[in-house]
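Here the structure is a predicted model, which means the values were calculated and not measured. The figures here come from the full heavy-atom set of this structure, side chains too, leaving out hydrogens, waters and symmetry mates.
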Amino acid sequence: MAFAVVVSSGSGCSSFQGTTAASFLKRIEERDPNVRYKAYANLASPKCYDDENQKAQAVRTLVAKLEADKEPTATRAVICRTLGALGRPEARDVILRAVNDEDGLVRAEACRALGRVGRQEDATILARIMTVDLLEECRIAAIESLGDLKSTDGRIITYLAAAMEHDDPAIRYASHNALVATVGKDFGIKADDWKDYVRSVAGAAEPAKPDAIAAAEIEAEAKAKAAIAARDTELEPPSLSPEP
């Protein structure tokens with residue numbers, strides 16, 4: 001995913017130099033947000049580290065920066081992406097919080113990262129996001145991460161098989177890839193073939209109906225609209241009409 005370059009504040013160092021993790025870690029303390037953004041992104045390269053201890057140090061630093069919540073949206077998103085690329089489990093807790101971020105850009109990158117730093121049980125969180133998140137990018141990111149986690153939970157395979165009938169071809173494509181990665185077999189692009197496989201797997205639930213997934217999406221959208229309406233009502237200024 002391409003990120004928009006953060007607008008420079010006009011202060012600090014604007015040039016960017018260095019090729020090692022040590023130099024990048026120093027750069028993330030610069031005042032120039034563009035320099036910090038590039039440093040966070042470059043820390044994703046495994047070639048910049050001398051050893052695993054240095055990588056662990058970088059992860060701790062990135063986790064602290066994400067928890068501080070002081071960076072712009074695009075920068076927080078690239079931190080999530082870098083934590084995913086480094087793949088260390090120490091990042092799991094902060095990534096789990098980021099998958100619920102109010103900004104879709106951050107949520108999407110956090111979902112992708114969770115597939116690399118998460119545990120098998122985190123598949124249920126991704127399954128929820130793939131069915132109810134209002135942004136296509138977040139749903140696709142969650143599905144891709146399910147393929148990374150390769151959950152053995154029959155329910156997860158059921159959700160992915162049902163998504164093979166989704167109206168959105170991008171959802172169907174991502175679900176097919178995740179299924180292949182999870183089960184290690186390819187039954188093609190027809191949902192019925194995957195449903196047959198689901199039924200053949202011991203302990204797998206009956207495949208969820210596509211309209212049930214659509215209903216979950218509609219319910220999530222209705223809740224989001226209700227929350228916005230409630231917020232607007234709270235912010236509505238009091239009437240200034242003179243009392244009779």
Side-chain angles (χ1 to χ4, degrees), residues 1-2 77 80-81 83-85 87 92 95-96 98-225:
M1 174 187 296
C80 290
R81 186 172 64 182
L83 287 172
R92 176 177 177 261
I95 292 298
L96 281 172
V99 298
N100 293 310
D101 195 274
E102 63 182 14
D103 193 282
L105 187 64
V106 177
R107 289 202 308 277
E109 287 302 323
C111 284
R112 290 190 173 92
L114 188 57
R116 299 179 179 182
V117 304
R119 302 172 184 166
Q120 284 277 311
E121 58 263 34
D122 297 331
T124 57
I125 297 173
L126 294 169
R128 172 183 59 81
I129 294 171
M130 73 171 272
T131 57
V132 304
D133 199 289
L134 299 181
L135 294 181
E136 179 195 55
E137 183 66 24
C138 294
R139 297 197 297 270
I140 291 174
I143 293 170
E144 291 172 348
S145 270
L146 285 173
D148 290 332
L149 285 181
K150 298 177 176 60
S151 173
T152 57
D153 188 334
R155 295 171 301 171
I156 302 303
I157 301 175
T158 297
Y159 295 143
L160 291 171
M164 289 287 291
E165 291 184 317
H166 200 283
D167 292 338
D168 188 336
I171 296 291
R172 297 198 301 270
Y173 179 78
S175 298
H176 174 256
N177 288 341
L179 282 166
V180 173
T182 299
V183 307
K185 300 177 181 179
D186 189 350
F187 296 100
I189 60 174
K190 292 183 178 180
D192 287 343
D193 292 336
W194 284 102
K195 287 183 177 182
D196 289 341
Y197 170 77
V198 169
R199 294 187 185 96
S200 71
V201 177
E206 181 69 17
K209 303 296 188 229
D211 54 351
I213 292 179
E217 294 174 351
I218 293 172
E219 181 183 1
E221 184 175 5
K223 288 181 179 179
K225 289 181 178 178

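- For Asp122, the side-chain hydrogen bond (donor to acceptor under 3.5 Å, both in side chains) partners two or more places apart in sequence, or in a different chain, are Arg92.
- At a threshold of 4.5 Å between non-hydrogen side-chain atoms, the residues Asp101 and Arg107 count as touching.
- Of the possible donor and acceptor atoms, one in the side chain of Arg139 sits under 3.5 Å from a partner among the backbone N and O of Asp133.
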Taking only distance into account, with no hydrogens and no angle test, what donor-acceptor pairs under 3.5 Å do side-chain atoms of residues 176-189 form with protein atoms, sequence neighbours excluded?
from, atom 1, to, atom 2, distance (Å)
His176, NE2, Asp186, OD1, 2.8
His176, NE2, Gly188, O, 3.3
Thr182, OG1, Ala178, O, 2.7
Asp186, OD1, Gly188, N, 2.8

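- The side chain to side chain contact (heavy atoms under 4.5 Å, CB included) check on Ala123 picks up Leu146, Leu149, Ser151, Ile156, with sequence neighbours excluded.
- Ser175 contributes atom OG, which lies 10.0 Å from atom CD of Glu144 (distance to the nearest 0.5 angstrom).
- Looking at residues two or more places apart in sequence or on another chain, you find a salt bridge (Lys or Arg N to Asp or Glu O under 4.0 Å) between Arg119 and Glu121.
- By the 4.5 Å heavy-atom criterion applied to side chains, Glu165 and Arg172 are not counted as neighbours.
- To the nearest 0.5 Å, atom CG of residue Leu134 and atom CD1 of residue Ile129 are 12.0 Å apart.
- Partners of Asp103 by side-chain hydrogen bond (donor to acceptor under 3.5 Å, both in side chains), not counting sequence neighbours: none found.
- In this structure, Glu137 pairs ionically with Arg112, as a charged nitrogen and a carboxylate oxygen lie closer than 4.0 Å.
- Nearest heavy atoms, Cys80 versus Ala98: SG-CB, 4.0 Å.
- Side chains of Met130 and Leu160 form a contact here, defined as non-hydrogen atoms less than 4.5 Å apart.
- Between the side chain of Arg81 and the backbone N or O of Glu109, no donor-acceptor pair lies under 3.5 Å.
- With rounding to the nearest 0.5 Å, the separation of SG in Cys111 from CG in Leu126 is 6.0 Å.
- Minimum interatomic distance between Asn100 and Arg128 (heavy atoms only, all atoms of both residues): OD1-NH2, 3.3 Å.
- Between Asp192 and Lys190 there is no salt bridge, since no side-chain N of the basic residue sits under 4.0 Å from a carboxylate O of the acidic one.
- Partners of Asp193 under the side-chain hydrogen bond (donor to acceptor under 3.5 Å, both in side chains) rule, at least two apart in sequence or in another chain, do not exist in this structure.
- A pairwise comparison of heavy atoms in Ile95 and Ala110 identifies CG2-O, 3.3 Å as the closest pair.
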Go through the steps for Thr124 and Arg155 under the test side-chain contact (heavy atoms from CB on, under 4.5 Å), then give the verdict.
CA-CA 9 Å; Thr124 57; Arg155 295 171 301 171; 4.0 Å; yes
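- One finds the CD1 atom of Ile125 at 6.5 Å from the CG atom of Leu114 (value rounded to the nearest 0.5 Å).
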